[in-house]
Each structure stands twice: as structure tokens, then as C-alpha cells.
Amino acid sequence: MIDPAARIHASADLEDDVSVGPGTAIWQRAQVRSGARIGSECVIGRDAFIDAAVTIGDKVKIQNGALVYQGVTVEDGVFIGPGAILTNDRFPRAITTSGELARAADWQVSPIVLRHGCSIGAGAVVVAGVDVGSFATVGAGAIVTRDVTAYALVAGNPARRLGWVCACGMRLVDSDGHPAPAQPDRYSADRGLHCPSCERTYAYVADSETLEERPARPQGASA
């Protein structure tokens, strides 16, 4: 079902049994395959590809030329940069062991989940079977081969954690004002991290190697 409030460019290719929510815009030459579900207030850019049965939440931005393959689940508020690729097969082959062309029954989808508010940079590749945590940021051109924890900043090939980011997207700093490092033992004496832009604060959670947001300190309260 295509909501009447959605905007679909005439050149976009939407197959049967596609759902598009209100306020969503799908731009030139985007392709959305059968069974895909796209939420409300999303932006699907020019030449983007949304494969069969992909689920996309609300307020998601998928930029020009991004490829989102079957088995991917995108939660609300996710950003997928231009030319990013989300794959679905960890062991791809064009042919079977008997030399025949591989069909749908000859391979198994390894799902990807992009959690609420995370960002995938331009040209990044997320390999099948990976979970990217809430508000994590994957740098441009990164190759993500393993799970990314919430609020982590990762980059490189293969992608490695470089530090931590705020829900607003800015890099977090430690109590000395330096970019918070990737390894927790370097700030274990002071686990409080701070956003210089929006002033949110976070604490490092050692057991899960991730962050949790601290409530804002009332104005005038002692440290």
C-alpha cells in the first residue's frame, strides 16, 4: 500500500506488494522490490535499491545509489550514505558445486540490523550478519565485518572502533577535552564522556563495551 501522502517520482520502480508510509519521498530511478516495507517521513534517494522484503522504519534517510539487500532491517532514524552497500551473503558464489547457476534455494540470507539512530557513511560496506548499534557511526568507506556497539565510531578496512559519538553525531570527549579513545582502560579512572556540542553526558559500561546516557545534571548542582 502506497500512502496518498507519499511522494513517488515517476521514474521510480516500485514492484507489487510494496508499502510506503505517509510523508515518504522516493526519488528518481530508485527501485523498491516486492514485499519491502518503508515507514513514514523517509527519504529514498536517486538510484537507491531496496531489495525484496527489506523493512525500513520511520524518518530514515537512504542517500543516492545506496544498495540495501534482502535480509536488512533498518530501524527508525537511520542514515545510510550515498553509495553504501548492505550485503546479505557471507559466502557468495555464482554457481553451485556441480557447476549450475546458483538459485535462491542455494544460499541463506545472513541478516543485517541497523539500530535506531545509527549512521552508515558514504561508500561504506556492511557485511552480512552484522548488527550496528543505536547511534553508532560507520565512517565513509569503512568495511564492517563484525557487530558495532551503540555509540561507537568505527572506520577502516576492516572497520575498527576509533572512539565514541553522541546521539547528535558529534565525537565525545573525555574530562580533559580530548576525543574519547576507543579503549576503555585509557579513561577507566573517569568514565564520564561529554558532548561539546549538545552537552549530553555518557558513562562507559564495561560489561557490554558500550555507553549509556546519563541524566542531565540540574543547573547549579554540585559536581
Side-chain angles (χ1 to χ4, degrees), residues 21 23 38-43 55-63 66 68 72-81 84 86 111-122 124 126-127 129-156 158-223:
I38 302 173
S40 62
E41 299 182 66
C42 296
V43 177
T55 299
I56 296 170
D58 299 332
K59 299 178 181 177
V60 171
K61 289 189 174 184
I62 299 178
Q63 301 292 77
V68 183
V72 175
T73 298
V74 181
E75 295 186 351
D76 296 347
V78 169
F79 174 87
I80 300 175
L86 287 83
I112 288 173
V113 180
L114 303 184
R115 301 291 178 184
H116 175 79
C118 72
S119 294
I120 309 300
V126 181
V127 174
V130 164
D131 188 322
V132 179
S134 295
F135 296 110
T137 294
V138 173
I143 309 297
V144 181
T145 59
R146 58 185 178 180
D147 290 351
V148 179
T149 58
Y151 300 102
L153 169 64
V154 301
R160 291 180 172 83
R161 190 168 66 213
L162 302 181
W164 304 94
V165 291
C166 179
C168 76
M170 296 295 292
R171 188 162 182 177
L172 296 172
V173 299
D174 61 20
S175 58
D176 294 324
H178 300 135
Q183 299 304 320
D185 58 349
R186 291 180 58 188
Y187 52 86
S188 57
D190 179 5
R191 293 184 175 181
L193 303 180
H194 172 74
C195 177
S197 177
C198 71
E199 299 187 354
R200 286 184 173 92
T201 59
Y202 298 83
Y204 178 72
V205 182
D207 290 345
S208 56
E209 289 195 31
T210 188
L211 304 183
E212 62 180 21
E213 187 173 353
R214 288 175 168 173
R217 182 183 297 124
Q219 189 172 7
S222 59

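Small disclaimer: the values here were computed from a predicted structure and weren't measured.
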Practice task
Please answer whether the main-chain N or O of H178 pairs with a side-chain N or O of D176 as donor and acceptor at a distance below 3.5 Å.
Solution key: no
Problem - Polar side-chain atom of T210 near backbone of A150 as donor-acceptor pair, under 3.5 Å - result: yes
Problem - Where V60 and G77 come nearest, the two heavy atoms and their spacing - result: CG2-N, 4.0 Å
Completion exercise
Exactly one of C166, P196, C195 clears side chain to side chain contact (heavy atoms under 4.5 Å, CB included) with V173, and that residue is P196
Problem - Closest non-hydrogen atom pair between V165 and A152, with its separation - result: CG2-O, 4.1 Å
Exercise for the section: Identify the heavy atoms of S208 and T149 that sit nearest to each other, and give their distance. Expected result: O-CG2, 4.0 Å
Handout entry: Nearest non-hydrogen partners of R146 and A159, listed with the distance
Key = NE-O, 4.5 Å
Handout entry: side-chain contact (heavy atoms from CB on, under 4.5 Å) between V126 and I120, intermediate numbers included
Key = CA-CA 8 Å; V126 181; I120 309 300; 4.2 Å; yes
Completion exercise
d(T137 OG1, M170 CE) to nearest 0.5 Å is 11.0 Å
Exercise for the section: For the pair L193 and T201, evaluate side-chain contact (heavy atoms from CB on, under 4.5 Å) and give the outcome as yes or no after the intermediate values. Expected result: CA-CA 6 Å; L193 303 180; T201 59; over 6 Å; no
Exercise for the section: Please tell me if the side chains of R115 and V132 come closer than 4.5 Å, counting only heavy atoms from C-beta onward. Expected result: no
Problem - Nearest atoms (heavy-atom pairs only) where I56 meets C42 - result: CG2-SG, 4.2 Å
Practice task
Verify, without hydrogens or angle tests, whether R161 (side chain) and A182 (backbone) share a donor-acceptor contact under 3.5 angstrom.
Solution key: yes
Practice task
Please say which of V68, L86, D131 ends up in a side chain to side chain contact (heavy atoms under 4.5 Å, CB included) with L114.
Solution key: L86
Practice task
Taking the side chain as every heavy atom from C-beta outward, state whether W164 and L211 have any pair of such atoms under 4.5 Å apart.
Solution key: yes
Problem - Test item: Q63 side-chain N/O and G81 main-chain N/O as donor-acceptor pair under 3.5 Å - result: no
Practice task
Rounded to the nearest 0.5 Å, what's the gap from CZ on R171 to OG on S197? Could you check?
Solution key: 15.0 Å
Practice task
Report the distance from atom NE2 of H116 to atom CD of E75, rounding to the nearest 0.5 Å.
Solution key: 8.5 Å
Practice task
May I ask you to decide if the ring planes of Y151 and F135 are parallel, tilted or perpendicular, using 30° and 60° as cut-offs?
Solution key: parallel
Handout entry: side-chain contact (heavy atoms from CB on, under 4.5 Å) between V205 and E212, intermediate numbers included
Key = CA-CA 7 Å; V205 182; E212 62 180 21; 3.8 Å; yes
Practice task
Using modelled atom types only, decide if a donor and an acceptor are shared between the side chain of D58 and the backbone of G39 within a distance under 3.5 Å.
Solution key: no
Practice task
Decide yes or no on side-chain contact (heavy atoms from CB on, under 4.5 Å) for H194 and L172, but give the supporting numbers first.
Solution key: CA-CA 5 Å; H194 172 74; L172 296 172; 6.0 Å; no
Problem - Non-hydrogen side-chain atoms of C118 and V78 separated by less than 4.5 Å - result: yes
Handout entry: Heavy-atom pair of closest approach, residues A136 and V148
Key = CB-CG1, 3.7 Å
Handout entry: Side-chain heavy atoms of R200 within contact of C168, under 4.5 Å
Key = yes
